[in-house]
Protein chains: 2
Amino acid sequence: MCKHQAIDVAVLLGSLPQFSALSPAELATLAAGATHIFATRGQMLVRQGDLCQGMFIVLDGQVKLAFISSQGHEKVIQVVRPGQVFCEAMLFVDQPYAFFSQALCDLALVHLTKSCMLEVMAGNPGLMRHFLAGVASGYHRLLIEHKTIRLYSATERTVRYLFAELASSGRLCDGAVIDLDVAKGLIASQLNLTQEHFSRVLRELHQLGTIVLKGRRVVIPEMSALAACLSGQPLTGGVWTKLPAM
Amino acid sequence: MCKHQAIDVAVLLGSLPQFSALSPAELATLAAGATHIFATRGQMLVRQGDLCQGMFIVLDGQVKLAFISSQGHEKVIQVVRPGQVFCEAMLFVDQPYAFFSQALCDLALVHLTKSCMLEVMAGNPGLMRHFLAGVASGYHRLLIEHKTIRLYSATERTVRYLFAELASSGRLCDGAVIDLDVAKGLIASQLNLTQEHFSRVLRELHQLGTIVLKGRRVVIPEMSALAACLSGQPLTGGVWTKLPAM
DNA sequence: CGGGTCATTGATCTAGGTCAACTGGCGTGG
DNA sequence: CCACGCCAGTTGACCTAGATCAATGACCCG
């Protein structure tokens with residue numbers, strides 16, 4: 001792992017939205033424990049079982065968070081993109097990492113040590129509040145993903161993923177185009193599917209005319225057709241077939 | 001829902017570990033927005049889709065957090081027990097609830113409004129830090145449960161559940177006894193299993209002699225036999241059979 | 001004693017996984 | 001410029017973990 005204790009780390013940190021409101025003194029404290037990291041594709045950034053030393057901010061490239069069973073089955077939790085942070089919740093939990101993170105391509109990031117982060121946060125309630133909101137929304141995101149995996153079928157999870165991609169790109173009109181920026185196998189794993197099954201689901205949607213598929217480009221001719229694949233709407237009757245066991 | 005704006009809410013709050021360090025003025029602020037709630041079995045405390053109005057502390061009884069699909073399939077996330085808090089992460093996320101919560105029996109709890117909580121926290125970094133740690137460890141717990149569901153088989157999830165129960169009761173010796181304090185159907189749902197399948201798994205373990213089952217009482221004659229059901233140990237060779245797709 | 005709730009058991013079904021072969025770019029090196 | 005190999009993706013044949021459906025049993029408690 002190539003680490004630069006670059007001279008301009010304080011400047012770099014100040015330019016990040018997370019830290020733009022910090023005083024020069026606070027930035028200096030953070031910078032003292034900060035490392036500018038350039039990692040190569042495939043490199044491990046944190047290992048399952050390690051204790052948290054600090055948090056990461058992705059400047060450029062993509063990072064995969066995943067866990068792996070003893071049989072080698074790997075399941076992706078999330079792909080972290082530039083501007084996003086990871087391992088920040090672990091600053092506050094004295095437990096070994098339940099996942100690992102790996103560079104999906106050559107990338108640039110900043111590592112901030114736990115102690116510096118905690119020190120600055122202790123003197124800056126605004127920053128702490130910011131992190132609290134971040135961790136809480138991370139919790140909420142994970143909860144929703146957990147729910148999606150437990151409640152919905154492969155096709156529905158796939159369609160929900162497409163909608164999430166559309167929403168994040170802001171284009172929710174008919175004829176919208178999605179260019180997948182990661183390998184399909186990774187997306188499949190995030191949806192708790194095998195690559196093979198994911199491929200079949202996409203083909204089925206393509207054959208139905210719901211989507212138009214060409215490599216990693218997905219075109220949605222009409223939103224309503226895609227939305228019809230979701231079980232949210234077909235409120236036929238509306239009476240729940242099976243009531244909770246309590 | 002029977003709500004008492006009891007006179008002694010401030011005293012009650014002060015006696016809770018979460019708030020024992022608060023000043024009288026802070027307790028008064030919290031108490032101003034606090035409600036002492038007595039709910040009856042089956043009653044909904046928060047509904048899927050609602051916006052968060054505040055958080056709850058369970059004084060007595062059990063609360064189920066779960067979500068439900070449009071077909072009525074219910075999946076339990078967690079059972080909250082006395083002394084525990086729920087919905088606290090939602091104070092910091094402006095999103096509708098992705099789950100609902102329901103009283104599993106008649107119960108007593110305290111509801112604290114969002115605005116009061118945020119106000120007191122803004123002036124008390126120690127409390128905020130406490131909540132940050134709480135939300136972060138909730139995140140970690142959910143992550144581990146998510147991982148368990150995605151990586152392990154029904155039998156292994158069941159065994160892991162038993163170990164978690166043992167760990168929380170502190171008795172990890174041979175001959176340990178677990179008395180399940182909730183319906184088996186609820187445990188099954190937390191493990192993402194049907195009640196039927198869970199029953200079969202338990203019976204299988206019983207027939208193997210790994211556990212002794214009598215109603216809701218589970219006896220573990222020897223820990224090592226139970227541990228042998230986990231795939232963590234059999235590091236045969238150690239080479240992963242299937243390498244990550246990256 | 002009768003009606004809840006909770007749990008067990010059997011018979012059958014299916015979504016999705018596994019294994020294996022194949023395709024179609026795309027960069028690399030001769 | 002072509003041959004080669006590599007990697008991402010596709011397709012087909014088959015299998016299995018766990019769900020579903022349906023019936024029955026075991027308590028409790030009023």
Side-chain angles (χ1 to χ4, degrees), chain A residues 41-42 64 69 71-76 104-105 148-158 179-207 213-218 229 231 240-246, chain B residues 41-42 62 64 69 71-76 79 102-106 148-158 179-207 211 213-218 229 231 240-246:
Chain A
R41 176 187 157 93
K64 174 181 76 178
S69 75
Q71 294 91 339
H73 296 146
E74 176 185 300
K75 303 281 184 170
V76 176
L104 284 176
C105 53
T148 304
I149 284 176
R150 289 180 65 180
L151 283 182
Y152 306 113
S153 71
T155 306
E156 198 161 340
R157 296 202 295 269
T158 303
D179 280 304
L180 305 174
D181 64 347
V182 290
K184 287 186 182 169
L186 283 182
I187 298 172
S189 179
Q190 279 184 81
L191 299 174
N192 209 28
L193 288 174
T194 56
Q195 175 163 329
E196 295 93 319
H197 196 38
F198 182 56
S199 173
R200 281 184 250 267
V201 168
L202 285 177
R203 183 162 58 101
E204 189 200 358
L205 289 172
H206 178 85
Q207 284 174 347
L213 193 59
K214 176 106 183 271
R216 285 194 189 170
R217 170 161 291 187
V218 183
C229 298
S231 69
W240 290 329
T241 54
K242 192 178 191 177
L243 276 172
M246 274 268 304
Chain B
R41 177 188 156 89
Q62 294 170 335
K64 175 182 77 181
S69 75
Q71 295 91 338
H73 297 146
E74 177 186 300
K75 304 280 184 171
V76 177
V79 174
Q102 190 181 27
L104 284 176
C105 53
D106 291 356
T148 304
I149 285 176
R150 289 180 66 180
L151 284 183
Y152 306 113
S153 72
T155 305
E156 197 161 341
R157 296 201 296 268
T158 302
D179 281 302
L180 305 174
D181 65 347
V182 291
K184 286 185 182 170
L186 283 182
I187 298 172
S189 181
Q190 280 183 79
L191 300 174
N192 208 29
L193 289 173
T194 56
Q195 174 162 329
E196 295 94 319
H197 195 40
F198 182 55
S199 174
R200 281 185 250 267
V201 168
L202 286 178
R203 184 161 59 101
E204 191 199 357
L205 289 172
H206 178 85
Q207 284 175 345
I211 65 173
L213 193 60
K214 177 108 183 270
R216 284 193 190 172
R217 169 159 293 186
V218 184
C229 298
S231 68
W240 290 330
T241 55
K242 193 177 189 176
L243 277 172
M246 274 267 301

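Keep in mind that what you see is a predicted model, and the values were worked out from it rather than measured. Convention: sequence-line order gives letters A, B, ...; per-chain numbering from 1.
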Inset, instruction - Could you walk me through whether A:Leu213 and A:Arg203 pass side chain to side chain contact (heavy atoms under 4.5 Å, CB included), step by step? - result: CA-CA 8 Å; A:Leu213 193 59; A:Arg203 183 162 58 101; 5.7 Å; no
Inset, instruction - Could you tell me which residues satisfy side chain to side chain contact (heavy atoms under 4.5 Å, CB included) with A:Ser199, sequence neighbours excluded, listed by chain and number? - result: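 Listed in chain order: nothing, the list is empty.
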Inset, instruction - Sequence neighbours left out, what passes side chain to side chain contact (heavy atoms under 4.5 Å, CB included) with B:Ser189? Give chain and number order. - result: A:Arg150, B:Lys75, B:Val76
Legend entry - Beyond-backbone contact of A:Ile149 with B:Asn192, side-chain heavy atoms, under 4.5 angstrom: no
Inset, instruction - Determine whether A:Leu193 and A:Thr158 make a side-chain contact, defined as any pair of heavy atoms from C-beta on separated by less than 4.5 Å. - result: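 Counting from C-beta outward, A:Leu193 and A:Thr158 do come under 4.5 Å.
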Round to the nearest Å and state the distance from [X] atom [atom1] to [N] atom [atom2].
X: A:Leu151; N: C:dA15; atom1: CG; atom2: P; value: 17 Å
X: A:Leu191; N: C:dA15; atom1: CG; atom2: C1'; value: 15 Å
X: A:Gln71; N: C:dG17; atom1: CD; atom2: P; value: 15 Å
X: A:Leu193; N: C:dG17; atom1: CG; atom2: P; value: 6 Å
X: B:Ile187; N: C:dC6; atom1: CD1; atom2: C1'; value: 12 Å
X: B:Lys214; N: D:dA26; atom1: NZ; atom2: P; value: 13 Å
X: A:Glu74; N: C:dG17; atom1: CD; atom2: C1'; value: 17 Å
X: B:Ile149; N: D:dA19; atom1: CD1; atom2: P; value: 11 Å

Legend entry - Distance (rounded to the nearest 0.5 Å) between A:His197 NE2 and A:Thr155 OG1: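 So the NE2 of A:His197 and the OG1 of A:Thr155 are separated by 6.5 Å.
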N/O to N/O distances under 3.5 Å, protein versus nucleotides 28-30 of chain D:
none

Legend entry - Backbone of A:Gly215 reached by a side-chain donor or acceptor of A:Lys184 within 3.5 Å: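 Judged by distance alone, yes, a pair lies under 3.5 Å.
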Inset, instruction - Kindly determine whether A:Leu191 and A:Val201 satisfy side chain to side chain contact (heavy atoms under 4.5 Å, CB included), including the steps that lead there. - result: CA-CA 12 Å; A:Leu191 299 174; A:Val201 168; over 6 Å; no
Legend entry - Closest heavy-atom pair and its distance - B:Tyr152, B:Arg157: O-NH1, 2.8 Å
Inset, instruction - Search all heavy atoms of A:Thr194 against all heavy atoms of A:Ala188 and return the closest pair with its distance. - result: O-CB, 3.7 Å
Legend entry - For A:Asp181, side chain to side chain donor-acceptor pair (under 3.5 Å) partners two or more places apart: A:Gln62, A:Arg81
Inset, instruction - Ignoring backbone atoms, establish whether A:Thr194 has a side-chain N or O less than 4.0 Å from OP1 or OP2 of C:dG16. - result: no
Close N/O contacts between protein and nucleotides 7-10 of chain C (under 3.5 Å):
| unit_1 | atom_1 | unit_2 | atom_2 | d |
| --- | --- | --- | --- | --- |
| C:dA7 | OP1 | B:Lys184 | N | 3.3 |
| C:dA7 | OP1 | B:Arg216 | NE | 2.9 |
| C:dA7 | OP1 | B:Arg216 | NH2 | 3.4 |
| C:dA7 | OP2 | B:Lys184 | N | 2.9 |
| C:dA7 | N7 | B:Gln195 | NE2 | 3.4 |
| C:dT8 | OP1 | B:Lys184 | NZ | 3.0 |
| C:dT8 | OP2 | B:Ser199 | OG | 3.2 |
| C:dT8 | O5' | B:Ser199 | OG | 3.4 |
| C:dT9 | OP2 | B:Arg203 | NE | 2.9 |
| C:dG10 | N7 | B:Arg200 | NH1 | 2.9 |
| C:dG10 | O6 | B:Arg200 | NH2 | 3.4 |

Inset, instruction - State, to the nearest 10°, the angle formed by the axis through the first five base pairs of the helix from C:dC1-D:dG30 to C:dG30-D:dC1 and the axis through its last five. - result: 30°
